[in-house]
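Below is one structure, written out as structure tokens, with a few remarks after it.
Numbering of residues begins at 1 and proceeds along the displayed sequence.
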Amino acid sequence: MEGNLGGGVNNQIEIETPNNITIKGILGLLMANTEATDIKKVISLGMGDPTLYSCFHSPDVAHDAVIESLTSHKFNGYSPTVGLPQTRKAIADYLSRELPEKLCADDVYITAGCTQAIELALSILARPGSNILLPRPGFPIYALCAAFRNIEVRYFDLIPGKGWEVDLNAVEALADHNTIGIVVINPGNPCGNVYSYQHLQEIGETAKKLRTIVIADEVYGHLAFGANPFVPMGIFGDIVPVLTLGSLSKRWLVPGWRLGWLVTNDPNGTLKNPKFVERIKKYCDICGGPATFIQAAVPRIIQQTEDVFFRKTVNLLKWTADICCEKIKEIPCISCPYKPEGSMAVMVKLHLPLMVDISDDIDFCFKLAKEESVILLPGLAVGLKNWIRITFAADPVSLEEALGRLKSFCQRHSYQQNDHH
């Protein structure tokens, strides 16, 4: 008996966990390094969760719809693993508003947030020897999912000086016959970019040429407040098959409700072949979706949320993004090469040669947390060393306070300041 147990333990030790950095993992370590006092409360600009701040709150109709579905007692059982029919139809109708080809309910699969949509997309596309092209900087869950599925990750750079556009030459150089997809995050996390119609079309044409598909992460869909309006990648579904991933989380400000979707935008039917559809359905059988009563609330939430609610959120994000960029101009040793035009975050470059006793972005963020009780995300977590990601989905007062502390920190640690002493 002991021998068997020992063998089991040894087998467990041999299992390797992917060593990818996760955003939640590193933010947890940073939080443990802070020291809140009566004078200085901890301010986190590390997580893309606007609900931490009272100025961002979900619409009343969303709460009413959930209460109604819960108290009806009709939605306490299992839902179909692909999602309730009425939920799939509501999301198909919602996304179809901006598409040339109308989606149907069967094109939509309901997931537990966009994170599960990512897991679903990569799991159904994975095959032996496959690779996936991911943006750098990007969202680290893609690489983590790829690691668990033994998919090789190949990174293409986003170009800061060109509004974080995709380096399409790099994409062409990286792709081969084993490439299962190109991931495009628009509006951009972590960069705050919003791609033009023309650039998205070029991405679609490049993917077609490479005989692969586009995985369009649109979790921040419609959160655009700059020169470019939000354009869904599904518009180019007739050029290249598109898997669109999205959720209620950001636009409706309910990330904890875990209601997301994976949608096939594919008028030519490449992704509609029976084997592929069967594969998606079977994977849905394994992982199960969000709570049935939340799903049941979705049609009312989508149909009855008023435009004024969305406008208010976007205006608030524009305001806080402006505050962020103006304050960064006053701070030594960091710079912002691109003013965000969407989503909830911005990438800021650290100029380490101007700083004393700061070795890299991780060191910067840990010392900032300890000395100023401000949490920012090290760029390494999103694939860009010696940058930092600042989330501006915060109330303006807290944002200004945090950036004021960041300025004090940078002044204390800059050569210029230290030379004066």
Side-chain angles (χ1 to χ4, degrees), residues 15-26 47-49 78-84 87-88 91 107-135 138-155 179-186 189-190 212-221 233 241-250 254-266 271 275-292 294-295 381-383:
I15 295 171
E16 281 192 26
T17 301
N19 58 2
N20 306 56
I21 292 175
T22 65
I23 289 176
K24 284 181 177 150
I26 203 155
M47 195 73 167
D49 184 351
Y78 292 119
S79 80
T81 56
V82 291
L84 288 175
T87 310
R88 299 173 81 191
I91 288 164
D107 298 322
V108 178
Y109 301 87
I110 307 301
T111 61
C114 195
T115 301
Q116 194 183 63
I118 295 170
E119 159 74 355
L120 176 58
L122 269 60
S123 298
I124 57 176
L125 294 169
R127 57 173 192 258
S130 58
N131 65 72
I132 190 164
L133 308 189
L134 300 184
F139 186 56
I141 292 293
Y142 285 93
L144 186 58
C145 280
F148 273 106
R149 297 281 165 252
N150 293 314
I151 303 168
E152 180 198 347
V153 168
R154 298 180 180 178
Y155 289 103
T179 301
I180 55 171
I182 301 167
V183 171
V184 176
I185 304 173
N186 178 57
N189 175 22
T212 189
I213 71 165
V214 174
I215 299 167
D217 183 326
E218 297 178 354
V219 74
Y220 288 97
M233 189 74 207
V242 176
L243 285 181
T244 298
L245 317 181
S247 79
L248 291 185
S249 302
K250 311 297 184 182
V254 287
W257 291 12
R258 312 311 298 138
L259 192 295
W261 52 82
L262 176 146
V263 175
T264 53
N265 290 102
D266 180 34
L271 301 176
K275 278 187 174 174
F276 190 76
V277 171
E278 185 65 12
R279 196 167 161 82
I280 298 181
K281 286 180 176 174
K282 281 193 169 156
Y283 198 79
C284 288
D285 286 347
I286 296 171
C287 55
T292 312
I294 298 278
Q295 291 190 47
V382 292

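Between Ile213 and Leu125 the shortest side-chain heavy-atom distance falls below 4.5 Å. For the pair Leu262/Leu243, a side-chain contact is recorded, criterion being any heavy-atom separation below 4.5 Å from C-beta on. Residues Leu248 and Trp261 meet the side-chain proximity criterion, which asks for heavy atoms closer than 4.5 Å. When side chains are defined from C-beta on, Leu144 counts as touching Pro18, because their heavy atoms get closer than 4.5 Å. Thr179 has its side chain out of reach of Ile132: every pair of non-hydrogen atoms, C-beta onward, lies at least 4.5 Å apart. Put simply, the side chain of Val382 reaches to within 4.5 Å of the side chain of Pro140, judged on heavy atoms. Side-chain atoms of Ile185 and Tyr142, non-hydrogen and from C-beta on, do get closer than 4.5 Å to each other. At least one side-chain heavy atom of Thr212 sits less than 4.5 Å from a side-chain heavy atom of Ile182.
Annotation for Leu134 and Val183: closest pair CD2-CG2, 3.5 Å, computed over non-hydrogen atoms. Minimum heavy-atom separation, Gly48 to Lys250: O-NZ, 2.7 Å. Residues Ile110 and Ile91 come closest through the heavy atom pair CD1-CD1, 3.6 Å. Of all heavy-atom pairs between Val242 and Ala216, the closest is CG1-CB, 3.9 Å. The two residues Ala147 and Asn20 make their nearest non-hydrogen contact at CB-OD1, 3.9 Å. The minimum heavy-atom distance linking Met47 with Ile23 is given by the pair SD-CG2, 4.4 Å.
The main-chain N or O of Met233 is found under 3.5 Å from a side-chain atom of Glu218 such that the two form a donor-acceptor pair. Distance alone, capped at 3.5 Å, is enough to place a donor-acceptor pair between the Ser247 side chain and the Ser249 backbone. Listed for the Gln295 side chain is no donor-acceptor partner under 3.5 Å among the backbone atoms of Arg88. In this structure, the side chain of Thr292 does not engage the main chain of Tyr78 through any donor-acceptor pair within 3.5 Å. A donor-acceptor contact shorter than 3.5 Å links the side chain of Ser123 to the backbone of Glu119. When atom types are taken as modelled, the side chain of Arg279 and the backbone of Ile124 share a donor-acceptor pair closer than 3.5 angstrom.
Here CG of Leu122 is found 11.0 Å from CD1 of Ile141. Values are rounded to the nearest 0.5 Å. Taken from CZ in Arg149 to CD1 in Ile180, the straight-line distance is 11.0 Å, to the nearest 0.5 Å. A distance of 8.5 Å separates CG of Asp266 from CG of Asp107, quoted to the nearest 0.5 Å. Note that the CZ atom of Phe139 and the OG1 atom of Thr22 stand 9.5 Å from one another [nearest 0.5 Å].
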